[in-house]
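See below for the structure under consideration.
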Amino acid sequence: MMHKSAAGSCLCAAVSHRGHPGLILPWLAVLALLGSTLAVAFAGSTGWVGTWSTAPQLVETNNNPPAPGLTSNTLRQILRVSIGGDTLRMRFSNEFSSAPVTLQRVLIAASAGGGVIDPATERPLLFQGGNTVTIPPGLAATSDPFPFPLQPRMELAVTIHFGSTPSGLTGHPGSRTTSYLLAGDQTGRADFAGAVRTDHWYIIHTIDVQAPAPAAAVAVLGNSITDGRGSGTNKQNRWPDELARRLQENPETQHVAVLNQGIGGNCVLGTCLGPSALSRFNRDVLEQSGVRWLVILEGINDIGNGGSGVGERLIDAFSQMIRSAHSRGIYVYGATLLPMSGNSYYSPIHEAERQKVNQWIRHGGLFDGVIDFDLALRNPADTLSLLPEADTGDHLHPNETGHRLMGEAVDLSLFTGREPYVSKERSESRFHEPECATVGGNWRIGTDSQASGGVYVMVEAGMQSLSAAPAGGENWIQLPFTVDSSATFSLFARLNCPSADDDSYWIKMDGGGFQMFNGLGTNGWEWKKLGDYALTAGAHTLVIGYREDGAKLDKICLSNAGFAPTGVGEEAENSCTTTGAQAPAEIPTGCTLGQNYPNPLNPATLIRYQLPGRTGVRMEVWDAAGRRVSTLIDRVQESGEHTIRFDGSGLASGVYFYRLTTSTGFSQSRRMLLLR
């Protein structure tokens, strides 16, 4: 096991520049200073830390709930947390469904084994003060904070009486834990005797606990090995569970939680089972509460289903993840890929790609530490295969002994003696709406509530140009843009390309030739990296040509940060009436309200604004229903740049608006998204 010092390479934190060139450098200096200050402040305060999580996905048909189904019925689900505390909140996901799901009543209690609870510990969960919550499709809901005497590694039972449920459910099939289903409202029962059993989780997503510093979480991003393939049902002995046990047994690491974000069959790059690791990285790592460390054990499915060159694409994806995590103060540890000789994934080409990735993990220099699972579990007599006593028999997945050995192979000193990672570099990111560029006549504007501004660009049906870029401006989107620094900029596009027949574009930068970018398949709207370009400070032109019809293009980002944006990205540099956005009102010269950063937030964000002179200032935050949830400032301030921090702790996930009004008559609102 190797690890780098905290003073190792410090990478980029993305900041979106727009609108006021004279303010960019002073604001960046302020943001960098505030970011360092906040990191230190968070390290010494009480805050939310994830104690349990699972990675949601669309539940496959063969893993749907058994009869009688969830609608109008009661499901009891069992899980084991990592660290304890006395105040909790819980998140429920309807992210992959196309219709709302209603939770009529939710209760949480200590499990007494099987489907039985200790009724003396049972607590109801409330949502903005009520028992019932309806979660719209594509969204999640977080409960109100509630008291609960949670002990480390305690097993909990979450009992949900459902109202209506969609046919396509969000859940986690690979629970390795039995859930119990009864018809009707059975929330008053301590014993679920006679229940239908199913070894899957549905709707449940995360549990956070309020904990004092130095409590923090390690998120583990992985595929079926991390998800627990080969571990024992109801034994809670996946390798992340074994790690959590060891952390609790060590007095120096009892404050460290473990969040298992494994999905069986998952890929880093492509459309294997569940959303790709790149596409879910924000949700499963950056948006989890209190994450200070990340372990990445992914890529074997990409290699097994790929060919020559997949290793380089994996290395590029890992580099993006590392830089993105570093920008949020997270240390990143790389776990080497296990041997696979004897499995159908094995071939000389695939083995060469595995070795290439493992070599980079060990010696590439970007990871802050290495967990060498390959070394720990390979057979000394045949280093390309698993230890016989650790092999399930498929020569790819470790058995229960293997999971224990993996948990024991992690050096616990990786989780001691480190403050949050503080990035010292600044970066430049430019966001653009393609529909607001020069759009050729063969493109059309589509509408989607989950697209930026509610619209996207799509070539007319039936138009393809597979072998060469289409000629003529009617087939192009031409986007002029500027950058402030000379650097290598990555081009990211927010796309919706659901199949292999609609996942490619032709791209040209300035006077260069067109390049084809193919294999951009997505699960819904995702950011995809298209290429890297060495740009000089000043003006440039990006040209986008179609290759296949059906691909939907929402937004463009050019960034020298090296990692993909989150959500819909930041405010666009360009705007037009096509987006449906209203033109900004006339405002006094020099008075501005900036977009909050980061956005989405979890749970805190910074809001910047500029005042042209001394004036009374009031800033308020409102929810989507028009209810004021916070007054951030209400006093006279001097002219100049100002920054204020908003903390959404205790608020449910969703859309919020912040409004700045001054005594000189200025008033402006902006939208932000809170995600748990």
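What's counted below: heavy atoms across the whole structure, side chains too, no hydrogens, waters or symmetry copies. All of these numbers come straight from a predicted model, not from anything done at the bench.
Interatomic distance, CZ of F646 versus CD1 of I607, reported as 7.5 Å (0.5 Å rounding). The CG atom of L520 sits 10.0 Å away from atom CG of D502, with the distance rounded to the nearest 0.5 Å. To the nearest 0.5 Å, atom CZ of residue F489 and atom SG of residue C557 are 9.5 Å apart. D532 contributes atom CG, which lies 4.0 Å from atom OG of S490 (distance to the nearest 0.5 angstrom). Taken from CG in N305 to SG in C267, the straight-line distance is 5.5 Å, to the nearest 0.5 Å. Expressed to the nearest 0.5 Å, how far OG of S429 lies from CG of N560 amounts to 6.5 Å.
Considering only heavy atoms from C-beta on, R547 stays 4.5 Å or farther from Q464 through its side chain. Counting heavy atoms from C-beta outward, L495 and Y456 have side chains that stay 4.5 Å or more apart. I300 places a side-chain heavy atom less than 4.5 Å from the side chain of M340. Looking only at side-chain heavy atoms (C-beta outward), T226 and V295 stay at 4.5 Å or farther from each other. Taking the side chain as every heavy atom from C-beta outward, E351 and R354 approach each other to under 4.5 Å. Side-chain atoms of F657 and R670, non-hydrogen and from C-beta on, never get closer than 4.5 Å to each other. Considering only heavy atoms from C-beta on, L221 stays 4.5 Å or farther from V268 through its side chain. At a threshold of 4.5 Å between non-hydrogen side-chain atoms, the residues L553 and I544 count as touching.
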Quiz item: What's the verdict on salt bridge (Lys or Arg N to Asp or Glu O under 4.0 Å) for R444 and D549, showing C-alpha distance, side-chain angles and the deciding distance?
Solution: CA-CA 11 Å; R444 62 183 178 85; D549 66 348; over 6 Å; no
Quiz prompt | salt bridge (Lys or Arg N to Asp or Glu O under 4.0 Å) assessment of K528 paired with D503 | solution = CA-CA 11 Å; K528 289 285 186 176; D503 63 347; over 6 Å; no
Quiz prompt | Chi angles and distances behind the salt bridge (Lys or Arg N to Asp or Glu O under 4.0 Å) call for R362, D374 | solution = CA-CA 11 Å; R362 292 181 178 113; D374 172 42; 2.8 Å; yes
Quiz prompt | side-chain contact (heavy atoms from CB on, under 4.5 Å) between W476 and T438, worked out | solution = CA-CA 8 Å; W476 298 345; T438 301; over 6 Å; no
Quiz item: Stepwise, does the side-chain contact (heavy atoms from CB on, under 4.5 Å) test hold for L294 with V218?
Solution: CA-CA 5 Å; L294 165 65; V218 51; over 6 Å; no
Quiz item: Between D316 and F318, is a side-chain contact (heavy atoms from CB on, under 4.5 Å) present by the stated rule, with each step listed?
Solution: CA-CA 6 Å; D316 182 70; F318 291 150; over 6 Å; no
Quiz item: side-chain contact (heavy atoms from CB on, under 4.5 Å) between I303 and L337: does it pass, once the steps are laid out?
Solution: CA-CA 10 Å; I303 290 172; L337 303 180; 3.7 Å; yes
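The nearest pair of heavy atoms linking P470 to G545 is CG-CA, 4.3 Å. Residues T605 and M672 come closest through the heavy atom pair CG2-SD, 4.2 Å. Heavy-atom minimum distance, E353 versus G309: OE2-N, 3.3 Å. Taking every heavy atom of both residues into account, A317 and L278 meet most closely at CB-CD1, 3.8 Å. The two residues V285 and V291 come nearest to each other via the heavy atoms O-CG2, 3.8 Å. Of all heavy-atom pairs between L286 and A325, the closest is CD2-CA, 4.0 Å.
For the pairing with E95, the side chain to side chain donor-acceptor pair (under 3.5 Å) check across Q57, R283, R280 returns one residue only, R283.
Donor-acceptor pairing under 3.5 Å is recorded for the side chains of S276 and S279. Using modelled atom types and a 3.5 Å distance limit, the side chains of S53 and Q261 yield a donor-acceptor pair. Looking at D554 and S452, their side chains never bring a donor and an acceptor atom within 3.5 Å of each other. T336 and D372 share a donor-acceptor pair across their side chains, judged by distance under 3.5 Å alone. Between the side chains of Q355 and Q359, not a single donor N or O lies within less than 3.5 Å of an accepting N or O. Between the side chains of E548 and S504, at least one donor-acceptor pair of N or O atoms lies under 3.5 Å. For the residue pair T592 / Q610, no side-chain donor-acceptor distance below 3.5 Å is found, with atom types taken as modelled. D368 and W293 are not linked by any side-chain donor-acceptor pair at a separation below 3.5 angstrom, with hydrogens and angles left out of the test.
By the side chain to side chain contact (heavy atoms under 4.5 Å, CB included) test, M463 pairs with N442, V459, E460, N475, Y546, sequence neighbours left out.
Side-chain atoms of H350 come within 3.5 Å of backbone atoms of Y345 as a donor-acceptor pair (strictly under, hydrogens ignored). No donor-acceptor distance shorter than 3.5 angstrom exists from the side chain of D510 to the backbone of G512, with no hydrogens or angles considered. S486 places a side-chain N or O within 3.5 Å of a backbone atom of A537 that can act as its donor or acceptor partner. In this structure a side-chain-to-backbone donor-acceptor pair under 3.5 Å is present from N266 to P275. For E428 (side chain) and S485 (main-chain N/O), a donor-acceptor pair under 3.5 Å exists by modelled atom type. Proximity of a side-chain donor or acceptor of S319 to a complementary backbone N or O of I315 within less than 3.5 Å is detected. At least one donor-acceptor pair closer than 3.5 Å links the side chain of T170 to the backbone N or O of F96.
A ring-centre distance under 6.0 Å is found for F481 and H540. Ring centroid separation for the pair F563 and W527 does not come in under the 6.0 Å cut-off. Taking the six-membered ring wherever Trp is involved, the centroid distance between the rings of F517 and W506 does not fall below 6.0 Å.
Relative orientation of the Y505 and W443 rings is parallel, given thresholds of 30° and 60° on the angle between their planes. Ring planes of W360 and F367: perpendicular class, angle over 60° (limits at 30 and 60°).
For the pair K555 and W525, the NZ or CZ position fails the cation-pi test of under 6.0 Å to the six-membered ring centre and within 45 degrees of the ring normal.
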